[in-house]
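Since we're looking at a predicted model, the values are computed, not measured. Indexing begins at 1, ligand by ligand and atom by atom, following the structure's order.
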Amino acid sequence: MKILMVCLGNICRSPLAEGVMRHLVEEQGLDWEIASAGTGDWHINEPADKRGIAIAKKYGYDISKQRARHFNPDHFEAFDKILVMDQQNEKDVLKQADHLHHREKVMLFLPDNLEVTDPYFDDKLFEPVFLQIEERCRQIIEEIKKESI
Ligand code: 4NP
């Protein structure tokens, strides 16, 4: 299974999702590939936001070595699932998809049409966003293992 986590800047939400998901799948001995990318190109090659690195560290995850990447249409072939943090990310990714089988790989990270709030402009949001991402990563692993998403 190859999963790409996508947000806007690839420095706050999707790097948290990447780091947490990679840690959890390794812990379970699953040979999955996990990566992340941003629909925007402002932060390419930068580390994750230091507030995100800090909150991840608090809960036992090291995301400090990850570097931001820009989403590109090659990712549709390279990954099995492209999990987007909000509906704008979904639109920005889907408009680069030429094939139905690529569009079908794209889904919101959260269930029930919920979005992961962008914490970039509010320090207080990093902890609740982290906890929401961690809980959902655990669920996604179980859902994929049961092949229900
Ligand atoms: P992210 O948050 O999409 O969760 O990485 C953002 C980070 C930076 C910017 C926007 C969103 N920015 O505009 O630089």
Side-chain angles (χ1 to χ4, degrees), residues 1-27 30 32-99 102-144 149:
M1 176 58 61
K2 296 178 184 178
I3 302 175
L4 182 70
M5 306 292 190
V6 174
C7 63
L8 176 59
N10 194 212
I11 56 168
C12 297
R13 294 164 293 175
S14 61
L16 285 171
E18 174 190 348
V20 168
M21 186 62 110
R22 183 181 301 109
H23 183 110
L24 294 176
V25 300
E26 282 175 3
E27 210 169 64
L30 298 166
W32 293 5
E33 181 181 325
I34 314 295
S36 67
T39 56
D41 64 1
W42 314 287
H43 299 288
I44 294 174
N45 286 329
E46 289 178 20
D49 188 290
K50 52 185 182 307
R51 297 164 295 178
I53 294 175
I55 202 69
K57 188 172 177 201
K58 175 176 169 183
Y59 287 91
Y61 301 89
D62 180 8
I63 67 165
S64 65
K65 294 177 193 70
Q66 298 171 198
R67 294 293 178 271
R69 305 196 310 173
H70 192 203
F71 179 81
N72 78 73
D74 292 342
H75 291 142
F76 288 116
E77 278 301 311
F79 292 92
D80 303 308
K81 293 187 189 296
I82 297 172
L83 302 182
V84 295
M85 297 294 141
D86 64 36
Q87 290 174 2
Q88 185 62 50
N89 306 150
E90 187 175 37
K91 276 189 206 135
D92 291 336
V93 167
L94 284 176
K95 71 187 177 204
Q96 301 181 57
D98 292 331
H99 306 287
H102 288 166
R103 299 178 65 83
E104 286 172 347
K105 294 182 178 191
V106 181
M107 61 197 84
L108 283 169
F109 176 81
L110 292 178
D112 305 323
N113 261 347
L114 292 171
E115 303 182 298
V116 181
T117 304
D118 189 345
Y120 189 57
F121 295 106
D122 187 348
D123 297 351
K124 291 189 304 298
L125 286 178
F126 275 84
E127 190 151 28
V129 160
F130 169 84
L131 291 170
Q132 185 179 44
I133 286 173
E134 187 190 39
E135 183 184 11
R136 181 62 182 145
C137 282
R138 293 184 190 281
Q139 289 171 353
I140 289 170
I141 292 171
E142 292 314 306
E143 289 173 14
I144 291 176
I149 69 166

(request) Answer yes or no: is there a donor N or O on one side and an acceptor on the other, between the side chain of H70 and the main chain of T39, under 3.5 Å? (result) yes

(request) Can you spot which of E134, R136, E142 makes a side-chain contact (heavy atoms from CB on, under 4.5 Å) with R138? (result) E134

(message) As a test of understanding, state which of L4, I140, V6, L108 forms a side-chain contact (heavy atoms from CB on, under 4.5 Å) with L83.
(response) I140

(request) Applying ring-ring contact (aromatic ring centres under 6.0 Å, His included), name anything that partners H75, two or more places apart in sequence or on another chain. (result)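 For H75, the residues satisfying ring-ring contact (aromatic ring centres under 6.0 Å, His included) (neighbours in sequence not counted) are F71, F79.
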
(request) For residues 33-56, pull every pair meeting ring pair (Phe, Tyr, Trp, His ring centres under 6.0 Å), keeping only residues two or more places apart or in separate chains. (result) none

Please list every donor-acceptor pair under 3.5 Å in which a side-chain atom of residues 110-121 meets a protein atom from a residue at least two apart or in another chain.
{"residue": "E115", "atom": "OE2", "partner": "Q87", "partner atom": "N", "Å": "2.7"}
{"residue": "D118", "atom": "OD1", "partner": "Y120", "partner atom": "N", "Å": "3.0"}

I'd like the atom pairs linking ligand 1 to the protein - N or O on both sides, separation under 3.5 Å - with distances to 0.1 Å.
{"residue": "ligand 1", "atom": "2 (O)", "partner": "D118", "partner atom": "OD1", "Å": "3.0"}
{"residue": "ligand 1", "atom": "2 (O)", "partner": "D118", "partner atom": "OD2", "Å": "3.3"}
{"residue": "ligand 1", "atom": "3 (O)", "partner": "L8", "partner atom": "N", "Å": "2.9"}
{"residue": "ligand 1", "atom": "3 (O)", "partner": "G9", "partner atom": "N", "Å": "2.8"}
{"residue": "ligand 1", "atom": "3 (O)", "partner": "R13", "partner atom": "NH2", "Å": "2.9"}
{"residue": "ligand 1", "atom": "4 (O)", "partner": "R13", "partner atom": "N", "Å": "2.9"}
{"residue": "ligand 1", "atom": "4 (O)", "partner": "R13", "partner atom": "NE", "Å": "2.8"}
{"residue": "ligand 1", "atom": "5 (O)", "partner": "G9", "partner atom": "N", "Å": "3.4"}
{"residue": "ligand 1", "atom": "5 (O)", "partner": "N10", "partner atom": "N", "Å": "3.2"}
{"residue": "ligand 1", "atom": "5 (O)", "partner": "I11", "partner atom": "N", "Å": "3.0"}
{"residue": "ligand 1", "atom": "5 (O)", "partner": "C12", "partner atom": "N", "Å": "2.9"}
{"residue": "ligand 1", "atom": "14 (O)", "partner": "H43", "partner atom": "NE2", "Å": "2.7"}

